[in-house]
Amino acid sequence: MQQALPPLELQPGSPAVRLNRLEPGDLRQRLALFLDIDGTLIDLARTPQSVQVPEMLPGVLCALEARLDGALALVTGRSLADVDRLFPARRFVVGAQHGGEMRGPARQPRQEMAFVAALNRLRPRLETILPSWSGLLLEDKGRSIAIHYRENPSVAFELKTILNRIMAPEIGALELLEGKCVFEIKPRNFDKGDVVRALMTVAPFKGRIPIFIGDDETDRAGMAASRAHGGCTIRVGDKRDLLADGFLPSPAATRAWLRELAIRLDHGVDAAQ
Ligand SMILES: [Mg+2]
C-alpha cells in the first residue's frame with residue numbers, strides 16, 4: 001500500500017508513521033502544516049532581502065492551504081510585511097517575528113509588552129557598537145532585531161560575546177537566538193512554539209496532527225510544540241536533530257516533498273497547475 005506522505009527519511013517510531021497510514025481524504029482532514037521560510041522553503045542568500053522565491057512555491061503553498069482547509073501557517077523570524085513581500089499574491093496565516101507578530105485565526109500568544117521598552121533601550125547601544133564592524137547587517141523588524149554576519153562569518157564568537165554583554169541588563173525581557181549567520185534579539189516571551197500552541201487551539205488547526213518543518217535552532221521551540229500536540233517534525237539540511245522525526249536534505253527537497261504532498265492530497269491532480 002502506498003504511504004500517505006511522500007517518501008521521507010524517518011526515525012523509527014516516529015508519529016509520522018501514524019500519518020502515513022491515513023487515506024488521502026483523511027489526511028486532508030487531519031494534517032496541519034507549520035513551515036519555516038528561510039533555509040526551509042527557500043535557499044538562504046547573502047542578505048535576507050536578496051532571497052529568491054522559486055516560481056512554483058507560491059502555487060504549491062496555495063494548493064496545500066486549500067486542500068488542508070486553511071491549516072497551513074508560515075512560522076518565521078521575518079516581519080509580516082516582509083513575508084507579504086515574498087508572497088505578494090496570497091495572505092497566508094503567519095507567525096512572524098517568532099510569534100511577536102501574528103496574522104490568522106489565533107490571537108497574539110501573549111500580550112506581555114515589557115520587551116518594547118527593552119528593545120528601545122538596546123537600539124542606541126547597538127547603533128553605537130555595530131557600525132565599527134565590517135560585513136554586519138542590522139535588520140530592525142520592530143518587535144525583534146536581527147544582526148546578520150554572513151558577509152563576515154569570522155566575527156561570530158566576538159559578536160555573540162558583545163551582544164550577550166550589552167543585552168545583560170535586559171535579559172528578563174529579551175533573549176538572543178542563534179541562527180545561520182544571524183543573531184536575533186527577540187522577546188523572551190515569544191517563540192515559534194507559541195505560534196504552534198496558539199494556532200492549535202483554533203479552527204482550522206484544532207484537532208489536527210501538526211507537522212513542523214524547519215532548518216535551524218530557531219525552529220526547535222516550534223518542533224517541540226508540534227511534538228507536544230502529537231505531531232511530528234522535519235529538519236531540513238544536513239544536521240541531525242533529536243527533535244526531528246524526519247529529514248529532508250535541502251529547501252529544494254522540501255519544495256519537491258510539499259509539491260508531492262499536494263498532489264497526493266488531491267488524488268493525483270497536479271498541485272502546481
Ligand atoms: Mg530557517
For Q29 and R208, run side-chain hydrogen bond (donor to acceptor under 3.5 Å, both in side chains): C-alpha distance rounded to whole Å, both residues' side-chain angles, the deciding distance at 0.1 Å, then the answer.
-> CA-CA 7 Å; Q29 316 220 325; R208 289 174 178 254; over 6 Å; no
How far apart are the C-alpha atoms of R103 and D84, what are their side-chain angles, what is the distance that settles it, and do they pass the salt bridge (charged side-chain N to carboxylate O under 4.0 Å, His left out) test?
-> CA-CA 11 Å; R103 178 172 64 211; D84 288 344; 2.8 Å; yes
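Residue K180 comes nearest to R150 through the heavy atom pair O-NH2, 3.2 Å, listed as atom of the first residue, atom of the second, then distance.
For the residue pair S154 and N152, a side-chain donor N or O sits within less than 3.5 Å of a side-chain acceptor on the partner. Side-chain polar atoms of Q97 and S79 form no donor-acceptor pair below 3.5 angstrom.
A donor-acceptor contact shorter than 3.5 Å links the side chain of R143 to the backbone of G100. Without hydrogens or angle criteria, D194 side chain to G99 main chain gives no donor-acceptor distance under 3.5 Å. The main-chain N or O of P124 is found under 3.5 Å from a side-chain atom of T128 such that the two form a donor-acceptor pair. Between the R227 side chain and the L243 main chain, a donor and an acceptor come within less than 3.5 Å of each other. Between the side chain of R125 and the main chain of I166, a donor-acceptor pair closer than 3.5 Å is present. For S226 (side chain) and C232 (main-chain N/O), a donor-acceptor pair under 3.5 Å exists by modelled atom type. For the pair D219 (side chain) and D215 (backbone), a donor-acceptor distance under 3.5 Å is present. Put simply, the side chain of T76 never gets that close to the backbone of D36: no donor and acceptor are under 3.5 Å apart. Between the R259 side chain and the L61 main chain, no donor and acceptor come within less than 3.5 Å of each other.
Heavy-atom neighbours of N120 CG from other residues, nucleotides or ligands within 6.0 Å: above the threshold of 12. Atom CZ of R46 has 12 or fewer heavy atoms from other residues, nucleotides or ligands within 6.0 Å. Atom NZ of K206 sits in a sparse spot, with 12 or fewer heavy atoms from other residues, nucleotides or ligands closer than 6.0 Å.
Aromatic ring orientation, F92 versus F87: perpendicular (interplanar angle above 60°, classes split at 30° and 60°). By the 30° and 60° cut-offs, the orientation of the rings of F190 relative to F115 is perpendicular.
The cluster map of Ile, Leu, Val, Met, Phe, Trp and Tyr, joined by side-chain heavy atoms under 4.5 Å apart, puts L22 and L64 in the same cluster. The hydrophobic clustering, which links ILVMFWY residues whose side-chain heavy atoms are closer than 4.5 Å, places I42 and L35 together. With hydrophobic clusters built from ILVMFWY side chains whose heavy atoms lie under 4.5 angstrom apart, I211 shares a cluster with V60. Taking hydrophobic clusters as Ile, Leu, Val, Met, Phe, Trp and Tyr residues chained together by side-chain heavy-atom distances below 4.5 Å, L176 shares a cluster with L174.
Residues D82 and E139 have side chains in contact (heavy-atom distance under 4.5 Å, counting atoms from C-beta outward). Two residues are said to be in side-chain contact when any heavy atoms from C-beta on lie closer than 4.5 Å; P204 and L68 fail this criterion.
Sorted by first and then second residue, the pairs that involve residues 159-168 and meet side chain to side chain donor-acceptor pair (under 3.5 Å), not counting sequence neighbours, are K160-E178.
The residue from V94, V83, V53 that alone fulfils the side chain to side chain contact (heavy atoms under 4.5 Å, CB included) condition with I37 is V83.
In summary, E101 and K141 do not engage in a salt bridge, as defined by a charged side-chain N under 4.0 Å from a carboxylate O. The pair E23-R28 fails the salt-bridge criterion, with no side-chain N (NZ, NE, NH1 or NH2) lying under 4.0 Å from an Asp/Glu carboxylate O. Taking 4.0 Å as the cut-off between side-chain N and carboxylate O, D191 and R197 count as a salt-bridged pair. The pair R264-E260 meets the salt-bridge criterion, with a side-chain N (NZ, NE, NH1 or NH2) lying under 4.0 Å from an Asp/Glu carboxylate O.
Applying the salt bridge (charged side-chain N to carboxylate O under 4.0 Å, His left out) test to D216 and every residue at least two apart in sequence or in another chain returns nothing.
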